[in-house]
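Quantities reported herein were computed from a predicted structural model and do not represent experimental measurements.
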Amino acid sequence: MNGVIKVTNDKQNMKRYSRKIGRMGNSLGVSLPKSLAEKLNVSQGDEIEFIENDRGEVVLKKVRQVQLPDNVRPEVLEAFFDVFEEDEGILEDLRDR
């Protein structure tokens, strides 16, 4: 991807990066500016997550690799998180009581 990087500073001392979306196989992708990759401490092969907040803004974070204890199988942990996501509304309701 040979996109032009546009970096601007706004009033809140935030940097804005602008990149063109390109095709990566059958998917769409965007490259990270070197300075941003350094701030996120990511390199090729690392995983990042996209988190959307309630204002529709997207935050990028490096996925922390966690070493599971020997007696915890990854598929069991994945199933736990699937159930947790399904019941998140119920848990939020209980929290708010």
Side-chain angles (χ1 to χ4, degrees):
M1 281 182 249
N2 295 330
V4 175
I5 302 172
K6 297 178 189 173
V7 180
T8 59
N9 289 320
D10 67 10
K11 298 173 191 169
Q12 298 172 343
N13 200 23
M14 294 185 335
K15 286 188 178 178
R16 295 178 183 265
Y17 300 88
S18 175
R19 300 294 264 199
K20 295 242 182 209
I21 295 176
R23 181 153 306 277
M24 299 176 86
N26 290 331
S27 302
L28 297 177
V30 64
S31 62
L32 294 176
K34 183 178 179 181
S35 61
L36 188 55
E38 288 171 352
K39 281 184 181 179
L40 291 170
N41 191 29
V42 295
S43 58
Q44 185 174 348
D46 287 341
E47 208 174 331
I48 59 172
E49 61 181 336
F50 300 82
I51 304 161
E52 184 178 1
N53 66 21
D54 57 352
R55 295 183 305 231
E57 299 166 331
V58 177
V59 177
L60 299 178
K61 291 180 78 173
K62 180 178 181 177
V63 173
R64 291 190 285 154
Q65 298 298 323
V66 178
Q67 189 69 15
L68 293 175
D70 291 336
N71 59 343
V72 176
R73 296 191 332 251
E75 61 271 16
V76 173
L77 190 60
E78 185 68 32
F80 170 79
F81 283 117
D82 288 345
V83 170
F84 181 79
E85 285 180 356
E86 289 174 10
D87 296 335
E88 188 174 2
I90 295 169
L91 295 171
E92 287 175 359
D93 184 50
L94 289 171
R95 180 194 67 205
D96 295 338
R97 289 184 181 195

Within the structure provided, determine whether Leu28 and Arg23 are in side-chain contact (heavy-atom separation under 4.5 Å).
yes
Is a side-chain N or O of Lys62 found less than 3.5 angstrom from the main chain of Asp46, in a donor-acceptor match?
no
Residues two or more places apart in sequence or in another chain: which of them pass side-chain hydrogen bond (donor to acceptor under 3.5 Å, both in side chains) with Glu57?
Asn53, Arg55
So Phe50 and Leu60, do their side chains get closer than 4.5 Å, heavy atoms only?
yes
For Ile48 and Val63, which heavy atoms make the closest approach, and how far apart are they?
C-CG2, 3.7 Å
In terms of hydrophobic clustering (I, L, V, M, F, W, Y; side-chain heavy atoms under 4.5 Å; direct or indirect links), are Val58 and Leu32 co-clustered?
yes
